[in-house]
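Right, one structure below, let's go through it.
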Amino acid sequence: MTQYHGNNSFRADFSDAETLHKVSEITSTQPQVCDRETQDERPQSATPHIIWKAYPDGWVTYLGQRWEEYTGVPAAAALGFGYLARVHPEDRPRLLASSRTCEFPPPSYEIKFRLRTREGTYRWNLARGTPANPDSQEVLEWVGTYTDMDAIEKTQADPQAELEFLSHQARSEANFRAENLCEAGTVKNEGRDLHAIERFTNLLSQRAGNLCQLLQAIADATVEAIAGAEFCLVALMECDCSGLKLSAVGGAENFAADKTPHVQNKLLWKAFATGEPVLWGSECDGWLPAAACAAAIESEETGRLGVLAIGNAKDSTAIDGETQQLLAVMGKQAAMAINSARAIEILKKQEQLLDLQNELLIRQQEELENQGRRIQQQKLQLLEAAKLKSQFLGTISHELRTPMNSIIGFSQVLLRQHKQLLSAQQTEMVGRILHNGKNLLLLINDILDLSKIESGRTELETEEFDLAHLVMDVALQFGNQATEKNVAMSVSVCLQNQFIVNDKLRLRQVLVNLISNAVKFTHRGSICIEVRELNCDRLIISVQDTGIGICETDLPHIFDKFHQADQTTTRRYPGTGLGLAICASLVKIIHGTIIVESQLKKGSTFLIEFPRNIKPNKLLS
């Protein structure tokens, strides 16, 4: 985007004669005060000559028509510091530094630099500058030329070629001075136009707010900047591209209360359709203005946005071709301002949306924090409830086991004396008491074991023992039950060393649970118990049966507490559903793992993997 100088108090508007004098002075072949690095005693004037004016900081306020012919860049786009884009990057600091001086009186200067042509190549140019106000204590504005020196640089090695070039250059100098007579006459007008553009831009920057305020500022600033304009209309294309919509009117105070400024619709549409400024005049009195001009509001970045139109109600000569070109430049500046305002509005909306999103995220974060605190509180309550439950189960199980042992003991005493004291019917009844008492004791023991495990009161008691003897002993304990059900039971032990170091009591409890379940749920077929070495440090015990099997949906929950495949009160197989849960916990305590493989109506296989020796530093407390 083209920038404009913020301080206009140092502007020097000199006459045509003064401009011609200054330009002729700095393009003469007489030696000048120049930069040490570029001083040359030989003539250094070559075409094309580009006339320019600039502030002391390098801000260019005017570029002659040869600028665009030489560089291919419109002069309006190169004003301010835009011209530096065509200067070689290595030469920009020197070129800017040459215009800053503290000497009095301010001296003229010359400096060589590389300027990029419209073909894209860099050519050596000589920048000559002289103060526009030499009598002042400081430079208010420079006036000067850029002269192509690339040919001289290349001919310095050939004297004959240099003489021919200087001869040609002399003719070019004469032609240049003749052309200056024509160009110098336009410098003042172009300076006035530049002043109007700068005034237009400054007014926009002072008044621009939101888009509506900006459009009104464009209309008002156009009337203030262009001397012959009594009113200005700003019309933008509708969002659906259905037509032009009048968005702002400037200069309405110049008309009576019952009159409003008008221009022909076809004038607006022609300027918008072609992108070229359109001038219109009328000699007849009527509701249309005597002179009007319309230019498209467009730029390369924004495209064509609408139309900027001005008019004068009575003076048909107030708006001419120069005003037409000036309005076109203002249309480009207005397009960039409108695009910036729209971008700012979009950014503001995005910022508002981000603020809303941030506020929502903050609320969600607060809610999550509150939920986290509630969950933490519930967790503590659940832990406390679980602790109280375990304590209760441990206490009640211990209290129940004492009288249950007495019931079982007295039942066994009565059965031993049944021949002397009891009849056959009484013996059967006492036998039932004994059997149910043992079953109830097993349930109480399970609950007590579970409460100990959950409360962390289960400790490992390691010892060295014969694993084969332990497995055989547990299997024989259920041998009679298997025989009564006509189920074959086999034990296979394949160990190089049968002695291990582990918790014998916990391992026995696991085997009892697994083998008793196998006997309970197997009605035909066989039960196979196998012990083998996985490697020198790990052992595997498998308990395989051909029983009823486990449904696939129940397998993931088979080791859950109080879980049974049949949850009804009339289920065929009684129990609390704690046996496998206790097995899983005990296997974990002895540093092992337990898995199950099963198919419904085909049987189940439980695999226990555990270490041969538990090291002391791995014991659980």
Side-chain angles (χ1 to χ4, degrees), residues 415 428 431-443 445-446 467-495 507-532 534 539-584 586-587 592-610:
L415 287 177
E428 181 183 357
R432 291 181 181 179
I433 293 172
L434 178 61
H435 177 72
N436 290 326
K438 289 182 177 181
N439 289 337
L440 186 56
L441 183 60
L442 289 175
L443 297 180
N445 288 336
D446 286 345
L467 179 60
H469 183 271
L470 174 64
V471 174
M472 188 65 69
D473 185 41
V474 176
L476 290 175
Q477 182 179 341
F478 296 95
N480 291 335
Q481 296 181 26
T483 302
E484 290 176 1
K485 298 180 69 173
N486 199 23
V487 174
M489 180 182 290
S490 63
V491 179
S492 173
V493 179
C494 184
L495 298 173
L507 189 55
R508 172 185 284 275
Q509 190 173 354
V510 173
L511 290 173
V512 167
N513 270 306
L514 295 180
I515 296 175
S516 64
N517 279 348
V519 174
K520 182 196 299 187
F521 296 109
T522 304
H523 303 290
R524 61 180 180 179
S526 62
I527 299 173
C528 297
I529 305 166
E530 182 182 359
V531 183
R532 69 178 187 274
L534 183 62
L539 306 176
I540 285 183
I541 299 177
S542 67
V543 179
Q544 182 178 6
D545 64 63
T546 59
I548 62 175
I550 303 170
C551 180
E552 184 177 357
T553 56
D554 292 325
L555 279 175
H557 309 285
I558 198 64
F559 296 109
D560 293 348
K561 290 176 287 188
F562 303 105
H563 178 81
Q564 288 181 311
D566 186 0
Q567 299 287 344
T568 63
T569 56
T570 59
R571 57 183 179 269
R572 180 179 178 184
Y573 304 100
T576 59
L578 292 175
L580 292 178
I582 293 174
C583 285
L586 292 177
V587 169
T593 58
I594 182 171
I595 60 174
V596 58
E597 300 173 356
S598 182
Q599 290 184 357
L600 196 60
K601 297 182 180 181
K602 291 186 177 180
S604 305
T605 301
F606 287 85
L607 298 172
I608 309 170
E609 180 185 340
F610 58 97

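Since the structure is predicted, the reported quantities are computational estimates derived from the model, not experimental observations. Hydrogens, waters and symmetry mates are skipped; everything else that's a heavy atom, side chains included, is used.
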I need the I433 CD1 to L440 CG distance, nearest 0.5 Å. 13.0 Å
Exam field: side chain K485 to backbone K520, donor-acceptor pair closer than 3.5 Å: yes
I594 vs F559 side-chain heavy atoms within contact, under 4.5 Å: yes
Distance in Å, I550 CD1 paired with L555 CG, rounded so as to fall on 0.5 Å steps: 5.5 Å
Does the side chain of V487 come within less than 4.5 Å of V519's, by heavy atoms? no
Are any non-hydrogen side-chain atoms of I595 and E609 less than 4.5 angstrom apart? no
For A518 and V543, work out which heavy atoms get closest and say how close. CB-CG1, 4.2 Å
Reported CD1-to-CG distance for the pair I541 and L514, which is rounded to 0.5 angstrom: 9.0 Å
Beyond-backbone contact of F606 with L580, side-chain heavy atoms, under 4.5 angstrom: yes
Which pairs count as side-chain hydrogen bond (donor to acceptor under 3.5 Å, both in side chains) when at least one residue sits in residues 510-519, sequence neighbours excluded? none
Going from CD1 on I515 to CG on L476, what distance comes out if it is rounded to the nearest 0.5 angstrom? 9.5 Å
Does atom CD of Q477 have more than 12 heavy-atom neighbours, drawn from other residues, nucleotides or ligands, at distances under 6.0 Å? yes
Going through the checks in order, is the side-chain contact (heavy atoms from CB on, under 4.5 Å) test met by T593 and L607? CA-CA 8 Å; T593 58; L607 298 172; over 6 Å; no
List the steps and the verdict of side-chain contact (heavy atoms from CB on, under 4.5 Å) for V596 and T605. CA-CA 6 Å; V596 58; T605 301; over 6 Å; no
Hey, are the side chains of R508 and D473 touching, using non-hydrogen atoms and a 4.5 Å cut-off? yes
Counting only N and O atoms by type, is there a donor-acceptor contact under 3.5 Å from the side chain of T546 to the main-chain atoms of S526? yes
What's the separation between atom CZ in F610 and atom CD1 in I540, rounded to the nearest 0.5 Å? 9.5 Å
List the residues meeting side chain to side chain donor-acceptor pair (under 3.5 Å) with Q509, not counting sequence neighbours, and say none if there are none. D449
Partners of N436 by side chain to side chain donor-acceptor pair (under 3.5 Å), sequence neighbours excluded? none
Side chain to side chain donor-acceptor pair (under 3.5 Å) against R524, all qualifying residues, sequence neighbours excluded: none
For the atom pair CG (L539) and SG (C494), what is the distance rounded to the nearest 0.5 Å? 11.0 Å
With S598 via side chain to side chain donor-acceptor pair (under 3.5 Å) - residues at least two apart: S604
Minimal heavy-atom distance between M489 and A475, with the atoms involved, is SD-O, 3.5 Å
Does a donor on one side chain and an acceptor on the other come within less than 3.5 Å for H557 and D554? no
Residues at least two apart in sequence or cross-chain that pass salt bridge (charged side-chain N to carboxylate O under 4.0 Å, His left out) with E597, listed by chain then number, are none
